[in-house]
Amino acid sequence: MLITCLLFAILVILDQLLKWITQKQAFSDFVLIKFGDYKFITLDYKLNTGMAWSLLSDSTWLLVIISVVASILLGYLCIRNNWKNNKLRSLGITMAFAGCVGNLIDRVICITPLKEYRAGVVDMISFGPLNSISNLLFKSNFPIFNLADAFLVIGLILYIIYLLFFEGKNKNGKANNKK
């Protein structure tokens, strides 16, 4: 449980710190990593009142409710983490929980008197490879996202990998036969 709490706290703090710095600096096309002329990672400050691809824009209350429910579920799963036996599962759930809470913090700020400081979820990361793929397929850049989004997506991918390939196997790699 200690590992879960420490990792969760570090990830949420990193997310909120980067959001705060990005908001203060109002980054616009600030290249973090570049390979030749290729912009690999760029910071570009945007406020998003919705979720991915601006879905449910201006539905902050609905997104708060969804985020609270998801946070409760992921928090429950984190409590049941067993890092010793299920490192991949534990890492995935903890990352997803931190990502969910990171964006929940922004959404809660939007519905309180603090909304003058943050009127939406702060997005800032533009990832060159995703932009290249999106431009090939859809003729537009991939949406800008934040660390919380990345933690949530990567965490869920790790959890799905665990469920698909490792759930129900004992240390010898054989399926558990529960009777």
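Position 1 is the first residue of the sequence; numbering continues from there. Only a predicted model underlies this, so the values are computations on that prediction, with no experimental measurement involved.
Considering only residues two or more places apart in sequence or on other chains, Glu167 meets the side chain to side chain donor-acceptor pair (under 3.5 Å) condition with Tyr162. Residues meeting the ring pair (Phe, Tyr, Trp, His ring centres under 6.0 Å) test with Phe27, sequence neighbours left out: Phe30. Partners of Phe127 according to the ring pair (Phe, Tyr, Trp, His ring centres under 6.0 Å) rule, which considers only residues two or more places apart in sequence or in another chain, are Phe40. Every residue two or more places apart in sequence or in another chain that forms a side chain to side chain donor-acceptor pair (under 3.5 Å) with Asn131 is listed here: Ser126. By the salt bridge (Lys or Arg N to Asp or Glu O under 4.0 Å) test, Asp29 pairs with Lys39, sequence neighbours left out. In this structure Tyr45 satisfies the ring pair (Phe, Tyr, Trp, His ring centres under 6.0 Å) test with no other residue, sequence neighbours excluded. With sequence neighbours excluded, no residue forms a side chain to side chain donor-acceptor pair (under 3.5 Å) with Asn82.
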Mind listing the side-chain donor-acceptor pairs of residues 142-155 below 3.5 Å, one per line with the distance, residues two or more places apart or on another chain?
from, atom 1, to, atom 2, distance (Å)
Asn146, OD1, Ala148, N, 2.9
Asn146, OD1, Asp149, N, 2.8
Asn146, ND2, Asn103, OD1, 3.1
Asn146, ND2, Val122, O, 3.0
Asn146, ND2, Asp123, OD1, 2.9
Asp149, OD1, Asn103, ND2, 2.6
Asp149, OD2, Asn146, N, 3.1

Tell me which donor-acceptor pairs under 3.5 Å the side chains of residues 63-77 have, and how far apart each pair is, sequence neighbours excluded?
from, atom 1, to, atom 2, distance (Å)
Ser67, OG, Leu63, O, 2.8
Ser67, OG, Arg107, NH1, 3.3
Ser71, OG, Ser67, O, 2.8

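Residue Val121 belongs to no hydrophobic cluster, having no ILVMFWY side-chain heavy atom closer than 4.5 Å to its own. The hydrophobic cluster of Val31 has no other members, since no ILVMFWY side-chain heavy atom comes under 4.5 Å of it. Grouping Ile, Leu, Val, Met, Phe, Trp and Tyr by side-chain contacts under 4.5 Å, direct or through others, puts Leu2 with Leu6.
Looking only at distances, a side-chain donor or acceptor of Lys19 sits under 3.5 Å from a matching main-chain atom of Gly102. Between the side chain of Ser134 and the backbone N or O of Leu130, no donor-acceptor pair lies under 3.5 Å.
Across all their heavy atoms, Val12 and Ala98 have their closest contact at CG2-O, 3.7 Å. Residue Cys78 comes nearest to Ile93 through the heavy atom pair SG-CG2, 3.5 Å, listed as atom of the first residue, atom of the second, then distance.
In the hydrophobic cluster analysis, where Ile, Leu, Val, Met, Phe, Trp and Tyr join through side-chain heavy atoms closer than 4.5 angstrom, Leu47 is grouped together with Leu17. Leu164 and Leu91 fall within the same hydrophobic cluster, where Ile, Leu, Val, Met, Phe, Trp and Tyr residues are linked whenever their side-chain heavy atoms come under 4.5 Å apart, directly or through other members. Residues Ile10 and Met1 are members of separate hydrophobic clusters, defined by side-chain heavy-atom contacts under 4.5 angstrom among Ile, Leu, Val, Met, Phe, Trp and Tyr. Note on Met95: it clusters hydrophobically with Ile3, by side-chain heavy-atom contacts below 4.5 Å among ILVMFWY residues. When the side chains of ILVMFWY residues are joined at heavy-atom separations under 4.5 Å, either directly or via intervening members, Ile21 and Leu14 end up in a single hydrophobic cluster.
With rounding to the nearest 0.5 angstrom, the CZ atom of Phe97 is 13.0 Å from the CG atom of Leu156. Separation of atoms CG (Leu104) and CD1 (Ile109) is listed at 10.0 Å; rounding is to 0.5 Å.
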Hey, mind stepping through Ile125 and Leu32 against side-chain contact (heavy atoms from CB on, under 4.5 Å) and telling me if it holds?
CA-CA 10 Å; Ile125 301 170; Leu32 273 181; over 6 Å; no

Could you go step by step and tell me if Asp44 and Met124 meet the side-chain contact (heavy atoms from CB on, under 4.5 Å) rule?
CA-CA 5 Å; Asp44 196 6; Met124 79 292 290; over 6 Å; no

Go through the steps for Tyr159 and Arg89 under the test side-chain contact (heavy atoms from CB on, under 4.5 Å), then give the verdict.
CA-CA 5 Å; Tyr159 186 61; Arg89 175 186 184 275; 3.7 Å; yes

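Counting heavy atoms from C-beta on, the side chains of Leu88 and Ile161 come closer than 4.5 Å. Under the 4.5 Å side-chain criterion, counting only non-hydrogen atoms from C-beta, Trp83 is in contact with Asn81. Counting heavy atoms from C-beta outward, Asp106 and Gln16 have side chains that approach closer than 4.5 Å.
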